[in-house]
Amino acid sequence: METLYNYIEGKLLPPHAGKYIDNYNPAEGKVYSLIPDSDERDVAAAVAAAQHAFAEWSSMPVDKRSAILLRIADLIDRDLDKLALAESIDNGKPVKLARAVDIPRASANMRFFASGAIHFASEAHVTGNEAVNYTLRTPVGVAGCISPWNLPLYLFTWKIAPALAAGCTVVAKPSELTPMTAFLFSQLCIEAGLPKGVLNIVHGLGTKAGQAIVEHPDVTAISFTGGTVTGRKIAATAAPMFKKLSLELGGKNPNIVFADCDFEQAIQTSLHSSFSNQGEICLCGSRIFVEQSIYQKFTDEFVKRTTALVVGDPLLPETTTGALVSEVHMNKILSYIELAKQEGGDILAGGNRVAVAGKCAQGYFIAPTVIAGLDHLCRTNQEEIFGPVVTIMPFETEDEVIRYANSTTYGLSATLWTENLKRAHRISAQLKSGIIWVNCWLFRDLRSPFGGMKQSGVGREGGWEALRFFTEAKNVCIKL
Ligand code: TXE
């Protein structure tokens, strides 16, 4: 049984309380490692280490900081197979997905912000011939980065990379459900020669270690990705302390298909946007709206291909759908499928737990599920399920589908399928979503701002937005 350790002041350390939490392999339904059950003492030690390291790290020439972060990216690339296997075992996702997406994106995050910081500019304004106003941007100090379990190393690095590149020092807490790759990452930081205290990783429960990070008076900014309920709790703690706050929360994203779409592209990509990573991506298109004239044709083909997806051992190459991240999460999703039936839904595909033969017999698997016949305002169509479950329904007009799409409290992303350019611009302008993909999904340019509207989040990550978030600006006005 492997035991993980906190990474504090450059050392791998046990938790002060000497207590550990079981870490499950969700595909086998078994405990396979132990993680520190850290408390406020571990967080206090991590914050002290980060404060101690801040002066040197924040004043280090940016190209030197960048070189160290790029060395970590190189080590991620070197250990691609090892990290992908660890991610798959910890999260339940197919190992081929971790190899193709999660780990390469983690490396890309480190590279993007390490190089972006070198080119990060500020601004100045010459006011007539009377004064020069220039903006000084300095790192905010010790940043708290709290990341979720769905894309563990991908979203962990999405937060810590801009913070470190901007010159902040960091106290980070990965999800207690998927801590393994963050632990392996801490070993890579030691190997890369990251100065001690620059990054500190505290493992443990959100309500204990996570809350302690948010509450600590010397943590000046919080970057969080997770559920809206938790985001609300974090905001309630951080706001009265005037901390900078970036919240990437849940989504209930519309996938709108017009009759003039590229049908094959729309079908194939909709399969990915519905069920990739077992539907455990905040950007998944969980509500499919299809123009009436092609609704039956689209639905029949979509159900046929959904039924052909392979649910099974995430380590096998043929598997397309792995295990849900935990038994609690699997039961939450099964309860939503029952709710959909009570609300009058027709299960067109899936709708059940899957028993996988062999070593995964105790694993947490659900068949990719398609549900029709629901009203757009029912709970199934309003609440984030965060699993391999999508609803599908027809629409007649643009106004109708825009009303459906915008009808939830979320506003993270939307996908739109049409070959009509004017319609693409017209509808995109009316959708209340922070990210809109037209004839594609999850196509990312890291320079573009990323974030949601309404209860999908506060602030924007990605690109200069992320580097700005981790710096504070002061304006200096010099009278000429
Ligand atoms: O994540 P939580 P959960 C959605 C999805 C999911 C729901 C809840 O619908 O079902 O959120 O998921 C830490 N102070 N998303 O409960 O609780 C926690 O330890 C500080 C969407 O598994 O949001 C973990 O590290 N930290 C999301 C992180 O917060 C706290 C991805 C996320 O945990 C804390 C994940 C507290 N009080 C879930 N409580 C997305 N947008 O991608 C928990 N944490």
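This is a predicted model, so every value here is computed, not measured.
With hydrogens and angles disregarded, no donor-acceptor distance shorter than 3.5 Å links the side chain of Gln211 to the backbone of Gly206. Looking at Arg287, its side chain does come within 3.5 Å of a backbone N or O of Tyr404 through a donor-acceptor pair. Using a distance-only test at 3.5 Å, with no hydrogens or angles considered, a donor-acceptor pair links the side chain of Asn253 to the main chain of Cys284.
In summary, the side chains of Asn23 and Asp90 do present a donor paired with an acceptor at a separation below 3.5 Å, with no hydrogens or angles considered. Looking only at atom types and distance, the side chain of Thr228 has no donor-acceptor partner in the side chain of Glu384 under 3.5 Å away. For the residue pair Asn25/Lys30, the side-chain donor-acceptor check at 3.5 Å is not satisfied. Remark: the Ser107 side chain and the Asp77 side chain contain an N/O donor-acceptor pair separated by less than 3.5 Å. No hydrogens or angles considered: a donor-acceptor pair under 3.5 Å links the side chains of Ser270 and Asn255. Using a 3.5 Å distance cut-off with no hydrogens or angles, the side chains of Lys159 and Thr225 do pair a donor with an acceptor.
Note: Tyr5 and Phe183 have tilted aromatic rings, judged against thresholds of 30 and 60 degrees for the angle between ring planes.
The distance from the CG atom of Leu177 to the CG atom of Asn91 is 9.0 Å, given to the nearest 0.5 Å. One distance of note links CD1 of Ile146 with OG of Ser246; it measures 11.5 Å at 0.5 Å rounding. Note: Leu339 CG to Thr380 OG1 = 4.0 Å, rounded to the nearest 0.5 Å. Note that CZ of Arg71 and CG of Leu188 are 12.5 Å apart. Values are rounded to the nearest 0.5 Å. Here CG of Asp445 is found 8.5 Å from CZ of Phe443. Values are rounded to the nearest 0.5 Å.
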Run the ring-ring contact (aromatic ring centres under 6.0 Å, His included) test on Phe386 and Trp149 for me, step by step, so that the C-alpha distance in whole Å, both residues' side-chain angles and the decisive distance to 0.1 Å come before the verdict. CA-CA 12 Å; Phe386 214 67; Trp149 47 258; 5.3 Å; yes

Please assess Arg78 against Glu191 for the test salt bridge (charged side-chain N to carboxylate O under 4.0 Å, His left out), listing each intermediate value before the final yes or no. CA-CA 12 Å; Arg78 181 198 67 187; Glu191 186 179 353; 2.6 Å; yes

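Counting heavy atoms from C-beta on, the side chains of Arg460 and Phe450 never come closer than 4.5 Å.
Take Tyr336 and apply the side chain to side chain donor-acceptor pair (under 3.5 Å) test, not counting sequence neighbours, and it matches Glu383. Ala84 meets the side-chain contact (heavy atoms from CB on, under 4.5 Å) test with Val95, Ala98, Arg99, Ile103; sequence neighbours excluded. Taking the ring-ring contact (aromatic ring centres under 6.0 Å, His included) definition, one finds that Trp57 meets it with nothing, sequence neighbours left out.
In this structure, Tyr24 has its ring center no closer than 6.0 Å to that of Tyr32.
Under the 4.0 Å criterion applied to side-chain N and carboxylate O atoms, Asp42 and Lys173 are not assigned as salt-bridge partners. Salt bridge status for Glu176 with Lys208: absent, with no side-chain N to carboxylate O gap under 4.0 Å.
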